[in-house]
Amino acid sequence: MNFWVTDSLSVENCVFRNISVVDNQHTFGISIGDPLQHTINVNINNCLFENIRTNNTAPIYFVTNRYGVYKVSNSTFYNNYGQAGAVAVIGKIDMRNNIFYNPDGAREIYMLNAIPQANFIGRLDFDYNNILGGFTGIHNPDHRNTLIYGSNNSSADPMFAGTTAGGPDYLRLAQGSPCIDSGTPDITGLELLPYDLAGNWRVWNGRIDMGCYEYGSEPWVSNDDPVVPPSLSGLSLYNYPNPFNPSTTIAYQIPETGNVRLEIYNMKGQKVRTLVNEQKYSGSHSVLWNGTDQSGRSVVSGVYFYRLVTDNKTLSKRMLLLK
């Protein structure tokens, strides 16, 4: 199974499991279709990759060039096997808030050899992940590639609540897991949906977890939930929780790809912070506001307005910060 991307692709809340091949073929990949294309965007969020196996280098391939925007966030990789690693990567790839636990293979991640003439040069930016073996879980045999291994990664046992397939706690986080509340403090730019793989709030207790499930979270929409889910076709904007302290997630949906600005204003109409100012593809997006201004200083309690501006329309809502 191989996806060739020529423009943009978002893979959200998907499960890929029990894929294997007889010989040493590639098993699963998401790759760019044109190595010379500079504007490829790939976002993989809240996904589970489980029991994907091959006798080749790796069963899972994430391939892009050095110009593309390729993000892998809040996903869980479990029990996958390849001779060199569970996941093979090349190109400019950003990985945040993921769990890599694949003990059968030699490594968790294998950085493929660079091919400069085709713009395939590895640059893996890796932080806020839980990975078996820590730094040694990533193999980079080619000095032309760059591995940026952040200081916020963990190599501790992720402590899954259950490892029996089909069980209610399968690959959920157990109480005391080092992955709980250990994700990025600010999820701006991760393009996450407001709910996790189980349909629960993606951010809980003000901080996101590593992996595809949020520990202790509640269903995103329930009978007594005052939040109305966004329209599947129109423009929508809301935040949760509201009131909040110390942070809130602002979720929005846009019907068409285009430039988007998301800004925070105080009661005086003064702009406090710009959270988003870039082109976004159509669909659902979310960003965490941690109650700070553009300089990183905490703002005071009170009512704030958040405004979404697209090419064709503007929406504004208000929220309450209580300290």
Side-chain angles (χ1 to χ4, degrees), residues 15-20 26-30 44-62 70-90 93-112 122-142 145-165 167 169-184 196-197 208-215:
V15 176
F16 303 95
R17 63 158 49 107
N18 298 334
I19 306 172
S20 60
H26 301 316
T27 313
F28 179 91
I30 299 178
I44 302 172
N45 303 315
N46 289 350
C47 291
L48 173 61
F49 298 84
E50 175 207 351
N51 198 33
I52 304 175
R53 309 175 78 83
T54 183
N55 288 323
N56 206 317
T57 303
I60 302 167
Y61 275 69
F62 296 144
Y70 201 124
K71 300 176 182 178
V72 183
S73 310
N74 286 97
S75 295
T76 299
F77 299 81
Y78 177 76
N79 197 33
N80 304 291
Y81 171 79
Q83 288 188 347
V87 180
V89 299
I90 188 65
I93 296 179
D94 183 280
M95 290 184 168
R96 295 285 185 274
N97 305 340
N98 304 289
I99 297 175
F100 297 87
Y101 193 84
N102 306 275
D104 288 347
R107 305 290 177 96
E108 297 293 302
I109 298 175
Y110 179 78
M111 298 183 67
L112 297 166
R123 185 184 186 277
L124 177 59
D125 194 341
F126 192 86
D127 205 4
Y128 289 95
N129 300 286
N130 180 279
I131 178 170
L132 180 64
F135 180 79
T136 61
I138 303 176
H139 185 41
N140 179 21
D142 193 332
N145 293 329
T146 300
L147 170 59
I148 304 173
Y149 190 87
S151 61
N152 302 291
N153 295 303
S154 169
S155 61
D157 185 339
M159 292 178 59
F160 294 120
T163 55
T164 301
D169 295 326
Y170 186 53
L171 300 185
R172 306 290 182 93
L173 299 178
Q175 184 177 6
S177 167
C179 301
I180 297 173
D181 295 339
S182 297
T184 52
D196 69 1
L197 186 58
I208 198 168
D209 297 346
M210 296 175 179
C212 57
Y213 298 113
E214 193 78 7
Y215 175 79

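For the single chain, residues carry numbers from 1 onward in sequence order.
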Item to complete: Using side chain to side chain donor-acceptor pair (under 3.5 Å) as the criterion, list what pairs up with Asn51, not counting sequence neighbours.
Response: Asn18
Discussion item. Within this structure, what is the OG-CD1 distance for the pair Ser75 and Ile60, rounded to the nearest 0.5 Å?
Written reply: 10.0 Å
Worksheet item: Is there a donor-acceptor pair closer than 3.5 Å between any side-chain N or O of Asn153 and the backbone N or O of Asn129?
Response: yes
Item to complete: Heavy atoms only: give me the nearest Asn80-Arg53 pair and the separation to one decimal.
Response: C-NH1, 4.4 Å
Worksheet item: So, Ser177 side chain and Pro158 main chain: donor-acceptor pair closer than 3.5 Å or not?
Response: yes
Discussion item. Within the 4.5 Å heavy-atom criterion, are Glu214 and Ile208 side-chain neighbours or not?
Written reply: yes
Item to complete: Determine, step by step, whether Leu171 and Ile99 satisfy the side-chain contact (heavy atoms from CB on, under 4.5 Å) criterion, reporting the C-alpha distance in whole Å, the side-chain angles of both residues, the deciding distance to 0.1 Å, and the verdict.
Response: CA-CA 10 Å; Leu171 300 185; Ile99 297 175; over 6 Å; no
Worksheet item: Residues in salt bridge (Lys or Arg N to Asp or Glu O under 4.0 Å) with Asp169, at least two apart?
Response: none
Discussion item. My understanding is that only residues two or more places apart in sequence, or in another chain, count here; which of them pass side chain to side chain donor-acceptor pair (under 3.5 Å) with Asn97?
Written reply: Asn74, Thr184
Discussion item. As an exercise, state the distance from NE2 of His139 to OG1 of Thr57, rounded to the nearest 0.5 Å.
Written reply: 11.0 Å
Item to complete: Go through the steps for Tyr149 and Ile131 under the test side-chain contact (heavy atoms from CB on, under 4.5 Å), then give the verdict.
Response: CA-CA 11 Å; Tyr149 190 87; Ile131 178 170; 3.8 Å; yes
Worksheet item: Do the non-hydrogen side-chain atoms of Glu108 and Ile138 ever get within less than 4.5 Å of each other?
Response: no
Discussion item. So Asp209 and Asp181, do their side chains get closer than 4.5 Å, heavy atoms only?
Written reply: yes
Worksheet item: Can you tell me how far CG of Asn102 sits from CG of Asn79, rounded to the nearest 0.5 angstrom?
Response: 7.0 Å
Worksheet item: Does the side chain of Phe135 reach to within under 4.5 Å of the side chain of Leu147, using non-hydrogen atoms?
Response: yes
Response to the item:
Residues passing the side-chain contact (heavy atoms from CB on, under 4.5 Å) test with Thr54, sequence neighbours excluded, are Val21, Thr27, Asn56, Pro59
Worksheet, complete the sentence: Heavy-atom closest pair (Gly176 atom, Ile180 atom, distance to 0.1 Å) is N-CD1, 4.1 Å
Practice prompt. Working to the nearest 0.5 Å, report the span between CZ of Phe100 and CZ of Arg107.
Written response: 15.0 Å
Worksheet item: Among all residues two or more places apart in sequence or in another chain, which pass the side chain to side chain donor-acceptor pair (under 3.5 Å) test with Tyr170?
Response: Glu50
Worksheet entry | Qualifying residues under side-chain contact (heavy atoms from CB on, under 4.5 Å), relative to Ala156, sequence neighbours excluded | Ser154, Pro178
Worksheet entry | For Tyr128 against Ser182, the heavy-atom pair lying closest together | CD2-O, 3.4 Å
Item to complete: Could you check if a side-chain atom of Ile52 sits within less than 4.5 angstrom of a side-chain atom of Phe77, using non-hydrogen atoms only?
Response: no
Discussion item. Holding to ring pair (Phe, Tyr, Trp, His ring centres under 6.0 Å), I want the full list of residues that pass it with Tyr78, two or more places apart in sequence or in another chain.
Written reply: Phe160
Discussion item. Can you list everything that forms a ring pair (Phe, Tyr, Trp, His ring centres under 6.0 Å) with Phe16? Sequence neighbours excluded, please.
Written reply: Phe28, Phe49
Practice prompt. Using the test side chain to side chain donor-acceptor pair (under 3.5 Å), find all partners of Asp157 that sit at least two apart in sequence or belong to another chain.
Written response: none
Fill in: 4.5 Å side-chain heavy-atom contact, Val72 and Val89
no
Worksheet item: Quick one: salt bridge (Lys or Arg N to Asp or Glu O under 4.0 Å) partners of Asp127, sequence neighbours excluded?
Response: none
Fill in: Tyr213 to Leu173 - nearest heavy-atom pair and separation
O-CD1, 4.1 Å
Practice prompt. Considering non-hydrogen atoms only, spot the tightest contact between Met95 and Phe62 and give its length.
Written response: CE-CD1, 4.0 Å
Discussion item. Please enumerate all residues that pass side-chain contact (heavy atoms from CB on, under 4.5 Å) together with Cys212, with sequence neighbours excluded.
Written reply: Leu48, Thr76, Leu197
Worksheet item: With respect to Leu124, which candidate in Asn145, Ile109, Thr146 satisfies the side-chain contact (heavy atoms from CB on, under 4.5 Å) definition?
Response: Ile109
Worksheet entry | Within-4.5 Å side-chain heavy-atom neighbours: Lys71 and Asn45 | no
Fill in: Partner set under side-chain contact (heavy atoms from CB on, under 4.5 Å) for Asp125, not counting sequence neighbours
Asp94, Arg96, Arg123, Ile148
